[in-house]
Amino acid sequence: MGSIGRQVANLLAVNPRVRFAPSPTGYLHVGSARTALFNWLYARATGGTYVLRVEDTDAERNRPELTENLLAELEWLGLDWDEGPLYQSERRDRHRGVVQDLLNGNLAYLCNADNEEVPGQEITDGLAVRFRMPANQTVAFTDLVRGPVSFATEDLEDFVIWRSNGTPMFLLANAVDDADMGITHAIRGEDLLSGVPKVLLLLDAIGAPHPVYAHLPLLVNAQRKKLSKRRDDVSIADYREKGYLPEAMVNYLALLGWGPPDDVEERPIAEIAKLFALEDVNKAPAFFDLKKLEFINAGYLRALSKEDFMERAAPWVSAEAAPWPAENFDAEKYSIMVGLVQEKLRTLADLPRFVDFLFLDEPVDDPDSWHKAMVKGPQAAEMLDGAAVVLADCSWETEAIKEAVAAVGEGLGIKLGKAQAPIRVALTGRTVGPPIFETMALCLDRQVVLDRIAQARSRL
RNA sequence: GCCCCGUUCGUCUAGAGGCCUAGGACGCCAGAUUCUCAUUCUGGUAGCACGGGUUCAAAUCCCGUACGGGGUACCA
């Protein structure tokens, strides 16, 4: 079936219901975000319903602030949900009832800490409940991304469905909740694939239908290991704080394990939703490539209107975050400078170093830049001396300044590209920055320019 | 160990037996444009894990091997 065929299949699917079911044991992880995104995409592609369910059955590991955090990050990414958030912890009685039913039907049994079966048919404090694994059966299902998969029950153990502390285990709660909530498609990470046969058996035992499963390839690090909180940069919050845009983040994430049919990679997520089909998802793990994320982020940054850009960038130039004294900030000059540097950034975090010289009492001291332009560069002293003379009385506008500096350079036999370097470093502290002649004409007073050139000259 | 899954340029992917001399994107390299950087443009680099089949024809189907990953908790 071609990609078009799959999109038709999407439309034919009747009212799919999907869910993202994170456990709030940490901040939102890029792998989880990708799972949430693919659920969202599938729901939006099919006109289905996307449910958010918080799997907080492990009371010892859960903390409420982590849940709030999780929801905030999902909102930031723009992955709005249609129902929920539902909290699994609030369904304890239902889970307990199901476990008791299984016990009554002898499909499960009580078990002590030594994993020995103990007689009895009532859920008992201090005793766990295990599901009785049927012998000699093959559990088979067709995964939407991986195709037919089967397991033999001999390879499966009697697994715990109810803890001795009176709480349900993941497999049980997950299966019951999916059934009760009418989940038709369970879209999640491949690490959950081997749990499917147990869930299917459980579903059969309680007489519930099987959802369709789709197991997404894992996101891996450079060592090809599953992304882990400990080793890798996986927190969505960190990417936000590093100056990545949510639309760039979801666009990039959509490209891991899936490719657009027309090779157009950079596009709004709503457009991706129209092209998305679960059957097109790859089976092989994908490496999270920061370089490509940066590239995509830079594209989104450039595409922002100036107003949008300034709004998004505000946190990076706020009084608390900025490297300059707040009272030096000049909104008008900043606004002009944004127009000159927006296209140069890869992340919003790059912004301060492109504009800081405007608001700092003195430009930053960047040894590499100084060395490159003032020490290694040609005739830095002569350039600064010459510039000081011509800039003292040339007309204070971009072209005039540019011509004046170029003339000094020509007199010394240096092209403008090299000639401007010492001046740029004298004014901004760095070899890389905004177009320097515009910056002078529009944002720097003649006297400041002359002072900074003199200051730099005296250091030579 | 056992079970399950996977393998197309360095990376993300297109590919559904002939359209493949394997396409695109990121990266990298070179060049053009440019007041730095960035942008933009042009060109280049580089891949079907291996071995057997099936077929007139295989990246694509089958089997095996190798390698990689996931699972195997009173975590989720």
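Order of the sequence lines sets the chain letters (A, B, ...), proteins ahead of strands, with each chain counted from 1. The figures here come from the full heavy-atom set of this structure, side chains too, leaving out hydrogens, waters and symmetry mates.
- Contacts of Glu438(A) with the nucleic acid, taken as non-hydrogen atoms under 4.0 Å apart, include base atoms.
- Nearest nucleotide to the side chain of Val160(A), out of rC74(B), rC75(B), rG27(B): rC74(B).
- In the model, His210(A) has a side-chain atom that pairs as donor or acceptor with a side-chain atom of Asp204(A) under 3.5 Å.
- A donor N or O paired with an acceptor N or O is not found under 3.5 Å between the base of rC3(B) and the side-chain atoms of Ser194(A).
- Taking atom C1' on both nucleotides, rU34(B) is separated from rG15(B) by 40 Å, rounded to a whole Å.
- The existence of a salt bridge linking Arg430(A) and Asp356(A) is confirmed by a sub-4.0 Å separation between a basic side-chain nitrogen and an acidic carboxylate oxygen.
- Side chain of Asp158(A) to main chain of Met133(A): a donor-acceptor pair is present (N/O by atom type, distance under 3.5 Å, no hydrogens or angles).
- When the P atom is used for both rG23(B) and rA30(B), the distance is 24 Å, rounded to whole Å.
- Put simply, Arg146(A) has no side-chain N or O that comes within less than 4.0 Å of OP1 or OP2 on rG70(B).
- Within the 4.0 Å cut-off from OP1 or OP2 of rU72(B), not a single side-chain nitrogen or oxygen of Lys198(A) is found.
- Between the CG atom of Leu218(A) and the C1' atom of rC4(B) there is a distance of 13 Å, rounded to whole Å.
- Across all strands shown, nothing is found opposite rU39(B) as a Watson-Crick or G-U wobble partner with both distances under 3.5 Å.
- Between the side chain of Glu190(A) and the base of rC4(B), no donor-acceptor pair under 3.5 Å is found.
- At a cut-off of 3.5 angstrom, counting only N and O atoms as typed in the model, there is no donor on one side facing an acceptor on the other between the side-chain of Lys292(A) and the base of rU13(B).
- Of the listed nucleotides (rU13(B), rC2(B), rU40(B)), rC2(B) has the atom at the smallest distance from the side chain of Asp155(A).
- The aromatic rings of Trp258(A) and Phe276(A) sit tilted, their planes meeting at an angle between 30° and 60°.
- Distance CG (Asn174(A)) to P (rC75(B)): 15 Å, rounded to an integer number of Å.
- Side-chain atoms of Glu122(A) do not come within 3.5 Å of backbone N or O of Gln100(A) as any donor-acceptor pair.
- With a cut-off of 3.5 Å on both Watson-Crick or G-U wobble distances, the partner of rC20(B) is given as none.
- Within 4.0 Å of Asp143(A), counting heavy atoms only, lies no atom of the nucleic acid at all.
- The same atom, P, is picked in rA14(B) and in rG52(B); the two are 29 Å apart, to the nearest Å.
- The aromatic rings of Phe141(A) and Phe151(A) sit parallel to each other, their planes meeting at less than 30°, with 60° as the upper class boundary.
- Regarding Gln223(A), its CD atom lies at a distance of 13 Å from the C1' atom of rG68(B), rounded to whole Å.
- Listed in residue order, the members of residues 108-132 of chain A having a heavy atom less than 4.0 Å from RNA chain B are Asn112(A), Ala113(A), Ala128(A), Arg130(A).
- Between Asp178(A) and Val199(A), every side-chain heavy-atom pair lies at or beyond the 4.5 Å cut-off.
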Q.
Test side chain to side chain donor-acceptor pair (under 3.5 Å) on Glu266(A) and Asn251(A); report intermediate values, then the result.
A. CA-CA 7 Å; Glu266(A) 290 169 81; Asn251(A) 190 160; over 6 Å; no
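- One atom, CZ of Arg224(A), and another, P of rG70(B), lie 11 Å apart when rounded to the nearest Å.
- RNA chain B lies under 4.0 Å from at least one heavy atom of each of the following residues of residues 398-418 of chain A: Lys402(A), Leu416(A), Gly417(A).
- Using a 4.0 Å heavy-atom criterion, one finds that Ser150(A) contacts the sugar-phosphate atoms exclusively.
- No contact: Gly189(A) has no heavy atom under 4.0 Å from any strand.
- Here Ile296(A) lies out of heavy-atom contact (under 4.0 Å) with every strand.
- Taking the charged nitrogens against the carboxylate oxygens, Arg19(A) and Glu55(A) have no contact shorter than 4.0 Å, which rules out a salt bridge.
- Here the separation of rA49(B) from rU60(B), taken at their P atoms, is 8 Å to the nearest Å.
- Counting to the nearest Å, the C1' atom of rC12(B) and the CZ atom of Phe287(A) are 10 Å from each other.
- Of the candidate nucleotides rU13(B), rG71(B), rA25(B), rG71(B) has the atom nearest to the side chain of Lys226(A).
- In this structure, Phe354(A) atom CZ and rA38(B) atom P are separated by 9 Å, rounded to whole Å.
- Under the 4.0 Å criterion applied to side-chain N and carboxylate O atoms, Asp180(A) and Arg91(A) are assigned as salt-bridge partners.
- Separation of the C1' atoms belonging to rU21(B) and rA59(B) is 14 Å when rounded to the nearest angstrom.
- A 3.5 Å limit on both hydrogen-bonding distances identifies rA66(B) as the Watson-Crick or G-U partner of rU7(B).
- Comparing rG70(B), rC26(B), rC37(B) against the side chain of Lys291(A) picks out rC26(B) as the nearest.
- Taking a pair to require two hydrogen-bonding distances under 3.5 Å in either a Watson-Crick or a G-U wobble arrangement, rA59(B) remains unpaired.
- You'll find that the side chain of Phe437(A) is closest to rC35(B), out of rA38(B), rC74(B), rC35(B).
- A distance of about 15 Å separates the C1' atoms of rA58(B) and rG51(B), rounded to the whole Å.
- Rounding to whole angstrom units, CG of residue Asp263(A) and P of rC26(B) are separated by 11 Å.
- Side-chain proximity of Asn282(A) to rG6(B), rU13(B), rA76(B): nearest is rU13(B).
- Applying the Watson-Crick and G-U wobble criteria (two distances, each under 3.5 Å), rC2(B) pairs with rG71(B).
- For the 3.5 Å distance criterion, the side chains of Thr428(A) and Arg424(A) fail to qualify, holding no donor opposite an acceptor.
- For the pair Leu290(A) CG and rG10(B) C1', the interatomic distance rounds to 16 Å; values are reported in whole Å.
- Across the P atoms, rA32(B) and rG47(B) are found 28 Å apart, a figure rounded to whole Å.
- Listed candidates were rU40(B), rG6(B), rC5(B). Nearest to the side chain of Val149(A) is rC5(B).
- Classification of Glu157(A) and Lys198(A) as a salt-bridged pair holds, one side-chain N sitting under 4.0 Å from a carboxylate O.
- Residue pairs meeting the ring pair (Phe, Tyr, Trp, His ring centres under 6.0 Å) criterion with at least one partner in residues 114-137 of chain A, sequence neighbours excluded, are Phe131(A)-Phe159(A).
- Here the side chain of Val432(A) is nearest to one of rC37(B), rA76(B), rC26(B), namely rC37(B).
- Base contact: Pro434(A) has a heavy atom under 4.0 Å from a base atom.
- Of the P atoms belonging to rG24(B) and rU42(B), the separation is 12 Å, rounded to the nearest Å.
- Sequence order on RNA chain B of the closest nucleotides to Glu157(A) and Ala152(A) puts Ala152(A) first from the 5' end.
- Contact annotation for Leu193(A): backbone-only contact, meaning every heavy-atom pair under 4.0 Å involves sugar-phosphate atoms and none involves a base.
- Here the side chain of Glu343(A) is nearest to one of rA38(B), rC12(B), rG69(B), namely rA38(B).
- In summary, the side chains of Arg130(A) and Asn115(A) do present a donor paired with an acceptor at a separation below 3.5 Å, with no hydrogens or angles considered.
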